[in-house]
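One structure is given here, and the rest of the page talks about it.
These numbers come from the heavy atoms of this one structure, side chains and all, not from hydrogens, waters or symmetry mates. One-based numbering along the sequence shown. Order of appearance sets the numbers: ligands from 1, and atoms from 1 within every ligand.
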Amino acid sequence: MFERPRGTNDWTPEDMVKRRYVESAFVGVAESFGFREIQTPLFESLELFAAKSGPGVVEELYAFKDKGNRDVALRPEFTASIVRFYVNELRSLPKPIKVYCYGPAFRYEEPQKGRYREFEQLDAEVIGGATLASDAEVIALAIGTMRAIGLKQVRARIGHIGMLRAFLPFGPADQAKVLHALDKKNVPMLEDELRRLTHEELTDPLKRIIGLHGDAAILDEAQKLLGGKGGEAFGYLRQLREQLAHYGISPSEYEFDMGVVRGLDYYTGMVFELDSPNLGAEKQVGGGGAYTLAEVFGGEPVAQTGFALGVDRLVMAAEAEGVFGPAPALDAYVVPIGEAVRGKAVEILTTIRAAGLRADIDLVGRGPSKNLDYANTSRARYAVLVGEKELKKDAVGLRDLKAGTQREVPVRSLVEALTKA
Ligand code: HAM
């Protein structure tokens, strides 16, 4: 009767197991890196996102007026909110501020596989650390999360937006338009912008620079193409490579890519993206880099860097790489053999649950054999058969549903038998 809004999803219990797995892999690595969880609102004042996110994001905002006639927008990402929180409340804390959060974000995009209007991000930011050390830390966290999820094919591409900005002799607003065209890999749009800015001679070198990717050798090539502009960026990327090696990140896990432009306007330094080769058009599972936002929101200049990963795409990448096995949904399914033993069966069920195991019982009144079918399809590890005959001996039948074997177990050692197995 009612259609789900376009670009949104319903997630089944099986989907949620995978989504929680990805979230907890990220949370585990982030906590091990000393990041701490925060939360910010789902909606903010419209200006917060309009201030510096750039045309790509502003066009896609879910913006509306609330009942007090205030312009608000659903968050399209976390970074602007986190920096607002930092400038207003966290900046007196000892630096660096290392925080993470995760949850839904909203962009009015054209939906397709892996691109939704409501999607979920995992986000981490470092504010107020030294630039190089912080950039290396966030890349290590992003790659560490890929490893923890079990993704072996995802690669990072690392570039430097400062290098590109140094090459563009325009003010920030015009730079944003050219960078937007580069990010969309839209050559006609790029040509139009450069014609408008009467800098058509930049078209070819720009196309060649953003086409450069590979190992550290391409940094020399790019440096030559830029003709001396943006020189610090290349030295910086070489240093970053050394830092990453100390983290145990091998050059096979990333490449340098001068074409990493990013779709958001606030980046000013190192930028990076992570791709899964298995996802087709929407293969980017994450992205981030060093940015300047605190200053825009009234704070003092401070190094800021971070990234966000897309949960929806990480789950798809993990599915494609065969990371998920068929996980048992229940430890035990309790089957009362006859209504007379139902009370006792519930007591046994309650003991199993109290031990922290996942246990369920028939709520429909099925017969024993139908109940065993149900236990099998609901992927329980064990069926606990509660019958009058066994109860007289203070025992139950314990059926291993995978092996198809059954034995009698005293009620008092049932939890132990379920845990040991
Ligand atoms: P972003 O590249 O816009 O960066 O988004 C990060 C990730 O979110 C993408 O790589 C993608 O996996 C996922 N994502 C974005 N849009 C969608 C969508 N419509 N459907 C599904 N997944 C999507 C940021 O948002 C920055 N705030 C990252 C950052 C943090 N930079 C510095 N700190």
Side-chain angles (χ1 to χ4, degrees), residues 6-9 19 22 26 30 35 38 40 44 48-49 52-62 74-86 97-127 134-135 137-139 141-142 145-146 149 151 154-159 161 180 183-184 260-276 278-294 303-318:
R6 200 162 129 72
T8 63
N9 288 285
R19 296 173 72 81
V22 163
F26 168 70
F35 283 74
I38 55 165
T40 58
E44 298 266 6
L48 181 81
F49 303 118
K52 200 70 189 158
S53 299
V57 164
V58 170
E59 283 160 20
E60 294 168 352
L61 282 176
Y62 269 89
L74 299 183
R75 66 179 175 212
E77 54 125 21
F78 288 90
T79 313
S81 301
I82 294 176
V83 176
R84 173 197 50 69
F85 186 20
Y86 162 76
I97 311 288
K98 293 173 67 176
V99 290
Y100 73 89
C101 55
Y102 57 98
F106 304 85
R107 295 183 193 176
Y108 195 83
E109 302 205 65
E110 208 33 59
Q112 63 180 72
K113 188 163 180 275
R115 196 207 287 166
Y116 309 115
R117 290 183 175 168
E118 181 185 25
F119 57 98
E120 182 178 338
Q121 281 192 341
L122 311 168
D123 188 285
E125 311 289 343
V126 177
I127 304 175
S134 308
D135 280 350
E137 178 89 344
V138 296
I139 296 176
L141 173 57
T145 303
M146 298 306 124
I149 295 170
L151 290 167
V154 172
R155 292 280 168 281
R157 292 179 289 111
I158 304 175
I161 206 93
H180 182 55
D183 177 50
K184 295 281 168 214
V260 180
V261 180
R262 310 288 299 125
L264 292 139
D265 238 15
Y266 44 61
Y267 295 103
T268 43
M270 178 282 297
V271 281
F272 71 107
E273 288 173 349
L274 300 150
D275 295 331
S276 163
N278 303 306
L279 297 190
E282 302 301 321
K283 64 179 180 348
Q284 202 182 106
V285 298
Y291 57 90
T292 311
L293 260 188
Q304 302 142 64
T305 186
F307 66 86
L309 305 172
V311 171
D312 309 85
R313 295 184 194 171
L314 286 172
V315 168
M316 287 163 58

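- Protein residues are said to neighbour a ligand when one of their heavy atoms lies under 4.0 Å from it; for ligand 1 these are Glu77, Thr79, Arg107, Glu109, Gly114, Arg115, Tyr116, Phe119, Gln121, Asp123, Glu125, Arg262, Leu264, Tyr266, Tyr267, Gln284, Val285, Gly286, Gly287, Gly288, Gly289, Tyr291, Gly306, Phe307, Ala308, Gly310, Arg313.
- Just one of Arg155, Lys283, Arg157, Arg313 meets the salt bridge (Lys or Arg N to Asp or Glu O under 4.0 Å) condition when paired with Glu273; it is Arg157.
- A salt bridge links Asp312 to Arg19: one of the charged nitrogens lies within less than 4.0 Å of a carboxylate oxygen.
- Separation of atoms CG (Leu314) and OG1 (Thr145) is listed at 8.5 Å; rounding is to 0.5 Å.
- Residue Thr79 holds its OG1 atom at 12.5 Å from CZ of Arg84, rounded to the nearest 0.5 Å.
- To the nearest 0.5 Å, atom CZ of residue Phe106 and atom CG of residue Leu61 are 12.5 Å apart.
- In this structure, Arg6 pairs ionically with Glu110, as a charged nitrogen and a carboxylate oxygen lie closer than 4.0 Å.
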